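A short worksheet on the structure shown next.
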Amino acid sequence: MTDAPRLEADQPAAPLLPPVRPSLYDRFARRLSEDARARRLYRWLGPAIVLVIAAVLRLWNLAAAHDLMNQFDETYYVKDAWTLLNLGYEASWPAGANESFLSGDVNVFTTDPSFVVHPPLGKWIIALGMAVLGPDSGWGWRITTALLGIASVLLLMLIAKRLTRSTTFAVVAGLLMAVDGLAISMSRIALLDTSLMFFVLLAVLFVLRDRERTMTRIAQTVAARYDGDTPPSWGPVLWNRPWIIAAGAALGAASAVKWSGAWVLAGLGVYLVVTDALARRRAGVLFWPTDAVRQGLATFVLFVPVALVVYVASWSGWLFSSGGYDRQAGSNPLQSLWIYHVAMYKSTAGITSGHSYASPAWQWPLLWRPTGVYYHHDALGVNGCTAPSGCVDVISTMPNPLIWYAGVAAVLYLAYRFVVARDWRYALVLTGVAVTYVPWLFLPERTIFQFYTVLILPFMLLALTFALKDIAGPPSADSYRRLTGQRLVLVFLVVALALSAFWYPIISAMTVPYDFWHLHMWITSWV
């Protein structure tokens, strides 16, 4: 009996399904893990391709709309930038100045000061482009904004790489921003918001670099202070935090572009204090709340004064000239600057006039009223138009609808994941969303626009990247789960790219038939 064959029931059960082959992504990842040279190439080549895509979409035909977008503030910022370059302060222009400027007569400005409500740094950035390329076309007054838009894609990838610890998903985050219509259109017009976004992302990257150094230093220092099993009463007060100083300088520059940068300064300051406090609690500091206050005071000294210095320095042209608005209002230049700021605040607080494209902040997640900043119509036969319905050149600050709505859903998902997992990475992304969006909800009477959301967009894309990473599945998941998740992510990216291609003509002032433009008006409030 001992030599009898085993019964069939004793045999290993045959699989019901054939084994699933490793997905293309898994095979690619395995090849990268086996080949250090391929891994290094991928780390550089993936982001480089994304940057090329971003550059092409932002720089191609940049001067197509030879206009100053007089329905929006490009008409003011370009002329202000030119007088800053020539006089050191924003000056007034005579009637018909736009026509003169666009025809090449750019020096019709007066020396009389002009009252403006935004700090000068964003306009100095626009002026730099005109100093290099001249004011004769949109290339001159838009090039620096476009370059900062491209650089912002790079910054987002660097941030995403540190947060997700994945080159692939850093590339995904960068690609979504590279092809998104809101990010592209705001990089192709001389407004201030793309410059603001660049400096905010730079500050977030610096805060991340600081965290990489600081959390380990706190844990190591506290561990060294343990007396047997007794935890130390106090942790270290860390002053050697150069990345915090750099972040403060970046946010000073952001505030010198638009005052809304100060909200990010305050929000990230609170984030730094809270994360320091939690790090001390984890390390075992006995009086960690009080210890966090001690470190918070040091962080304030490192973070805020440098921001103030950078902000004031951005006013150098006004301070060192004598003709700027309110320049002689006080007994000294700094007092005059304060008087001017009071006037600016009162003016901005009173901006409540109606506008056809106005959109209160509660509407922004719904994408109810995207902003059209440029529209030009030619009838059949005019300027070579062959479409019976006529031809239009349009610049709409319209985000990719799929990316936008998925990003809104991803922010809600990330908030849920933070409650469950308490992951510091989710907290940073949600902080970014909060400080760039929530303050606007408290200004319901202000005349504001959907295109302000270009500052929120990078944080929405980070949330979306985390969501797509979860859909793709963790490395520990079985092959079937990974394959299914990766296919879903791939389908999402393909559809998003197709939609971006569909929308690109009407965010870049390409000449298209009127009927083609109208195909994009999916709801009546988009018209």
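Everything quoted here is computed from the prediction, not taken from an experiment.
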(message) Below 30° counts as parallel, above 60° as perpendicular, anything between as tilted: where do the rings of Y426 and F466 land?
(response) perpendicular
(message) Tell me if a side-chain donor or acceptor on R188 pairs with a main-chain N or O of W60 at a distance below 3.5 Å.
(response) yes
(request) Give a yes or no answer on whether the side chain of N400 reaches the backbone of V179 with a donor-acceptor pair at less than 3.5 Å. (result) no
(message) Less than 6.0 angstrom separating the ring centers of H520 and W503, yes or no?
(response) yes
(message) Does either side chain, that of Y42 or that of T168, offer a donor lying less than 3.5 Å from an acceptor on the other one?
(response) yes
(request) Would you confirm whether S185, through its side chain, and L182, through its main-chain N or O, come within 3.5 Å as a donor-acceptor pair? (result) yes
(request) Hey, can you tell me if W234 and F287 have their rings parallel, tilted or perpendicular (30° and 60° cut-offs)? (result) tilted
(request) Using a 4.5 Å cut-off on heavy atoms from C-beta on, say whether the side chain of V435 contacts that of Y271. (result) no
(request) May I ask you to decide if V433's main-chain N or O and T436's side chain share a donor-acceptor pair within less than 3.5 Å? (result) yes
(request) Please name the residue in the list V153, T194, T145, L147 that meets the side-chain contact (heavy atoms from CB on, under 4.5 Å) test with R58. (result) V153
(request) Return yes if some donor-acceptor pair links the side-chain N/O of K123 with the main-chain N/O of H118 below 3.5 Å, else return no. (result) yes
(request) Please work out whether the ring planes of Y416 and Y413 are parallel, tilted or perpendicular, with thresholds of 30° and 60°. (result) tilted
(request) State whether the side chain of R369 and the backbone N or O of A358 hold a donor-acceptor pair below 3.5 Å, judged by distance alone. (result) no
(message) Working to the nearest 0.5 angstrom, can you tell me the gap between L414 CG and L464 CG?
(response) 10.5 Å
(request) To the nearest 0.5 angstrom, please state how far the CG atom of L251 sits from the CZ atom of F199. (result) 10.5 Å
(message) Is it the case that over 12 heavy atoms from other parts of the model lie below 6.0 angstrom from the CH2 atom of W522?
(response) yes
(message) Less than 3.5 Å apart, any donor N or O on the side chain of W263 or Y437 sitting next to an acceptor on the other?
(response) no
(message) Test your reading of the model: is there a side-chain donor-acceptor pair from R280 to the backbone of V222, 3.5 Å cut-off?
(response) no
